[in-house]
Amino acid sequence: MQQLRMFDTLAGEKRDFVPQIEGHAGVYVCGPTVYDMAHIGHARAYVAFDTIVRFLRRHFKVTYVRNFTDVDDKIIRRAAELGENPTAVSERFIVAFREDMARLGVLPADVEPKVTEHIDEIIAITKTLVDAGFAYMSNGDVYYAVDRFAEYGKLAKRKRDDMDAGVRVEVSEIKRNPLDFALWKGAKEGEPFWDSPWGPGRPGWHIECSAMSRTYLGETFDIHAGGKDLIFPHHENEIAQSEAAHGKPFARYWLHNGFVNIDNEKMSKSLGNFFTIRDVLKRFDPLTLRLYLLSTHYRSPISFSDAGLQEAQNRLRYLMQTMARLEASVTEGSIEGSMRAPWVSEMVDRFESAMADDFNTPRVLGDLSEAFKLINETIDQPGDRDVDARTLRVVFSHLKNIGSSIGLFEELSADVLARLDTLEVSVAGIDPKVVDELVAARIKARAEKDFVRADEIRASIESMGVMIKDAGNTTTWEIKKTLPLE
RNA sequence: GGCGCGAUGCCCAAGUGGUUAAGGGGACGGUCUGCAAAACCGUUAUUCAUGGGUUCAAAUCCCAUUCGCGCCUCCA
């Protein structure tokens with residue numbers, strides 16, 4: 001295989017990936033806090049890391065851990081609003097999250113630990129930090145003393161003095177340093193709590209990942225990933241906790257995905273400009289969203305728009321139509337011999353090369369274009385029968401191979417096309433029966449060579465936003481591929 | 001204020017020192033078609049925000065400027 005290189009946030013550059021244990025890779029991705037429906041930002045992160053993990057599995061035995069934060073201020077607040085208990089709320093959104101991910105083709109992680117099931121481990125690591133003098137008790141809480149960790153700020157590339165200057169006014173008699181953060185929060189009235197050496201309470205946010213990653217991957221592991229917004233303070237704090245507690249390096253490579261932007265601004269709840277995955281999937285196919293997300297490099301910001309999604313969906317239809325033609329044309333037989341195009345035998349190598357360079361999925365998608373052209377060309381304009389048949393077999397096999405890594409071409413294309421038709425007809429508000437009747441009338445007119453009449457009928461169909469495709473004796477129709485004007 | 005990221009054709013988007021700057025969309029022309037649509041073919045950036053510099057050689061490195069964005073508070 002090609003040497004895999006990935007951009008490591010801590011190093012600030014692409015580095016060769018050399019796992020801790022040869023042939024193995026331990027990956028921890030920060031999962032969602034389950035207090036609401038997952039949004040497109042979640043979709044982006046988890047599609048990106050799903051694709052990365054799928055690729056890693058081609059070359060390593062991977063242990064992929066992605067947690068659920070199921071106890072937290074926001075969950076407690078939400079539960080209070082709804083009059084439910086926090087566990088009911090978190091469990092409900094975990095189920096919804098898993099459904100959303102499944103639709104996007106995001107495979108489950110090997111381990112999906114919940115914070116509430118790892119309280120003992122969290123208490124243990126907190127105790128280590130208190131005993132070693134890295135943490136202190138104050139007002140019923142336990143805080144991490146940032147001043148005790150000399151390298152604090154190394155991930156976010158920030159000096160402590162710089163941060164002190166920028167810290168917003170936060171009058172707190174409780175913390176020694178404004179940057180100190182809670183490892184353990186003393187229980188307040190009506191909140192869930194667990195017993196601990198510091199009294200009843202619950203974990204702070206950052207400590208859970210230190211505890212759970214150690215449980216499943218060890219004190220030092222290969223890859224830790226999440227959204228760019230987690231770099232500071234979340235991941236910075238994790239490093240401080242774990243490296244102070246263990247006296248050894250924490251994650252060896254740090255991967256961070258870029259934001260989803262709306263109108264050139266970060267999508268966020270406070271701005272009110274976010275979309276849930278479910279909102280988007282009412283109008284676009286899950287694979288459309290996946291293809292769309294994969295068409296921009298995972299570290300770059302992606303600008304989210306209807307026009308972009310519509311373009312992706314049009315492209316998805318092309319890919320699926322072409323795959324359908326390929327599935328119908330491919331035959332059993334030898335794959336030895338010359339190909340219709342010399343690069344056909346190198347498709348997988350090129351894929352490997354693009355992915356080995358910091359998981360360049362846009363390049364992968366770009367490279368795929370000529371394969372799809374070749375499929376259509378081969379079927380439309382046959383040449384040497386043996387060469388054609390062999391070429392289609394090889395292309396098919398390579399596309400399946402590559403597709404299994406990027407989460408496309410895993411379903412039968414006919415099924416995806418049917419799903420697209422159903423969705424688009426429904427979104428356009430069109431009654432298929434009406435169209436079918438008009439199409440039948442047009443077929444009759446054409447059979448009678450009454451092209452004036454046929455064209456009139458087609459015009460009326462098109463005015464509904466539907467386009468007609470005559471292919472031989474059959475006529476099909478689909479929703480016009482239009483891009484919304486912006 | 002501190003720190004960091006980005007600016008590639010009409011739009012989206014790869015490329016980060018060296019032959020002709022991927023790919024997709026759009027537009028235009030062609031093949032096919034009764035005509036269309038789809039599919040395929042062709043055309044569409046001597047140029048990579050701007051101004052300097054380094055180099056035999058830069059979109060790619062350095063400096064400055066402009067613009068946009070992010071983090072410094074919960075956030076994928």
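Just so we're on the same page: letters track the sequence lines, and every chain starts at 1. Please read these numbers as outputs of a predicted model, since none were measured by experiment. These numbers come from the heavy atoms of this one structure, side chains and all, not from hydrogens, waters or symmetry mates.
- Side-chain nitrogen and oxygen atoms of A:Y298 include none within less than 4.0 Å of the OP1 or OP2 phosphate oxygen of B:A13.
- Distances shorter than 4.0 Å separate some side-chain N or O of A:K373 from OP1 or OP2 on B:G24.
- Across all strands shown, A:F49 has no heavy atoms under 4.0 Å from either base or sugar-phosphate atoms.
- Residue A:R446 places its side chain closer to B:G34 than to any other of B:A38, B:G70, B:G34.
- Contact annotation for A:G41: base contact, defined as any heavy-atom pair under 4.0 Å involving a base atom.
- For the residue pair A:T276 and A:H39, no side-chain donor N or O sits within less than 3.5 Å of a side-chain acceptor on the partner.
- Not a single donor-acceptor contact under 3.5 angstrom links the side-chain atoms of A:E370 to the base of B:G23.
- Going from atom OH of A:Y318 over to atom C1' of B:A37 covers 16 Å, rounded to whole Å.
- Here A:K449 lies out of heavy-atom contact (under 4.0 Å) with every strand.
- At whole-Å resolution of the value, CE in A:M320 and C1' in B:A38 are 17 Å apart.
- Contact between the side-chain N/O atoms of A:N314 and the OP1/OP2 oxygens of B:G25 is not found at any separation under 4.0 Å.
- The residue A:R66 sits apart from the nucleic acid: no heavy atom pair falls under 4.0 Å.
- Between A:D100 and A:A38, the closest heavy-atom pair is OD2-CB, 4.1 Å.
- Across all strands, A:E478 comes closer than 4.0 Å to no nucleic acid atom at all (heavy-atom distances).
- If you check every strand for non-hydrogen atoms under 4.0 Å, A:K266 touches a base.
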